[in-house]
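Start at 1 and go down the list; that is how both ligands and their atoms are numbered. Note that these values count all heavy atoms, side chains included, but never hydrogens, waters or copies made by symmetry. Because the structure is a prediction, the values reported are computed rather than measured.
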Amino acid sequence: MIDVDAVDFFMNGRVLHSPYEYLAAMRARCPVRREPHHGVFMVTGYDEAVQVYNDTERFSACISVTGPFPGFPVPLDGDDVSATIAAYRARLPMSDQLPTLDPPVHTDHRALLARMITPKRLKENEEFMWRLADRQYDEALADGRVEFNGAYAGPFAMLVIADLLGVPESNHEEFHEAFYGGQAGTIGSTNGESLPHTPLGYLYEKFTAYVEDRRREPRGDVLTGLASATFPDGSTPDLMDVVRVASNLFAAGQETTVRLLSSAVMILAENPELQAVLRANHELIPSLVEETLRWESPVRGDFRLAKVPVTVGGVDIPAGSTLMLLNTAANRDPRKFPAPDTFDILRPNARSHIAFGRGAHACPGAPLARAEAVVSLTRLFERTSNFWIDEDKHGPAGARRYRYLPTFMLRGLTRLHLEYSA
Ligand code: HEM
């Protein structure tokens, strides 16, 4: 069995590529266990992760997306570090982004988001997805071979969010160019300092202009709704609050969704029998999506900081400790999901996975991501009669070469080369 303490989960390339043996070994020792390299409490148990996700009293999300790096700016001493967190949180990376906020600020910003993404908006957005999938597959499916992530999933996920936020379709080409025309990196990147040369910088510029314009001259469109959304107490948010929430949707909703789509398509390309079953039974597509989320959770995990001493899974955790809630591990906890390493679309409780987190920060984009997957797979089945892995690019069955995103935050393929017949 793997020597878990010898492995630095955050830096080890082999574990990055293939994390499940390490995570199972870690859980077998204890579902909550401190790894020795960075002192992070690794929460690999399902119930334990859910407990922490649901506890905003005793855990702060201020390090949600960065974890142990670069580390808290001052020592976190004492039995209650809440005041230290409050005093220094602005110095942490991404401190203005929704996932890192704590109540009561988080509660207000989350309510603002809920006013922007109304059920009506989600429904209109889903209608747009079907048209967009057609358009995107028209471009992507040309000569029997396709790199699915770059040609389809990336542009699709980005334009879905653009539409959700009301970016006029006449501006979609410009967004596509800004994200995929070579001048921008990945939106998930955290180097927001070098604005405006990052996607986040581009988004800040665009949404500042949109919101300023709609506040000056309301037009009755979606962007006007965004610009005039208020906090629960009725107060109008600062321009930058709106811009940040809107931009955060792109940051949170793009790379994640691309990984979900490519994992699902890869699983189908690798399993011709399963593909045939799904082609003949489109009503099973949502089950495939849930099992994919459980089996290859696109967000490996989220971090929390213990404000006070706390016990999780019988383990005492001192105030000031960093915890990683490993969705990828909790979703394969055999106490919750029997035979967890088997991919089974008929698994009765697949939907209880925590790929979208839990509690106050649980993913508000979950319905969107699910719909994107269903639309994309349905149309892919309609546009092809079969698709399989391109062996020239990924090697033969049994000796595939797949590359995964080089980050401990996300799990998914960098590229997915397919061949298909129409
Ligand atoms: C398969 C796709 C997706 C996965 C697996 C995923 C996963 C997650 C997870 C695990 C969290 C919780 C973070 C935490 O507790 O620290 C989260 C939060 C969030 N997600 Fe998603 N997400 C996906 C798609 C999306 C989409 C499409 C959007 C937007 C349109 C989105 C927007 C957000 C936002 C804004 C947050 C922060 C919420 C908060 O802090 O209150 N996500 N997501």
- Is the shortest N/O to N/O distance between Thr257 and ligand 1 below 3.5 Å? no
- Heavy-atom contact under 4.0 Å between Tyr53 and ligand 1? yes
- Message: Using the side-chain contact (heavy atoms from CB on, under 4.5 Å) criterion, which residues pair with Gln97? Sequence neighbours excluded.
- Response: Met94, Pro99, Tyr204, Arg244, Asn248
- Query: Counting both backbone and side chain atoms, is some N or O of Arg304 under 3.5 Å from an N or O of ligand 1?
  - Reply: yes
- How are the rings of Phe381 and Phe387 set relative to one another: parallel (under 30°), tilted (30 to 60°) or perpendicular (over 60°)? parallel
- With sequence neighbours excluded, what pairs up with Phe9 under the ring pair (Phe, Tyr, Trp, His ring centres under 6.0 Å) test? Tyr22
- Message: Below 4.0 Å from ligand 1: does a non-hydrogen atom of His106 turn up there or not?
- Response: yes
- Query: Would you call Arg89-Asp102 a salt bridge at under 4.0 Å N-O?
  - Reply: yes
- Task: Look at Glu48 together with Arg335 and state whether they make a salt bridge at an N to O cut-off of under 4.0 Å.
- Result: yes
- Task: Provide the closest heavy-atom pair for Thr257 versus Ala369 in the form atom of the first, atom of the second, distance.
- Result: OG1-CB, 4.1 Å
- Message: Would His361 count as a polar contact of ligand 1, with the cut-off being nitrogen or oxygen pairs under 3.5 Å?
- Response: yes
- Show all protein N/O/S atoms under 2.8 Å from atom 21 (Fe) of ligand 1, or state that there are none. Cys363 SG
- Query: Strictly under 6.0 Å, is that where the ring centroids of Phe69 and His38 end up?
  - Reply: yes
- Item | Residues in salt bridge (Lys or Arg N to Asp or Glu O under 4.0 Å) contact with Glu139, at least two apart in sequence or another chain | none
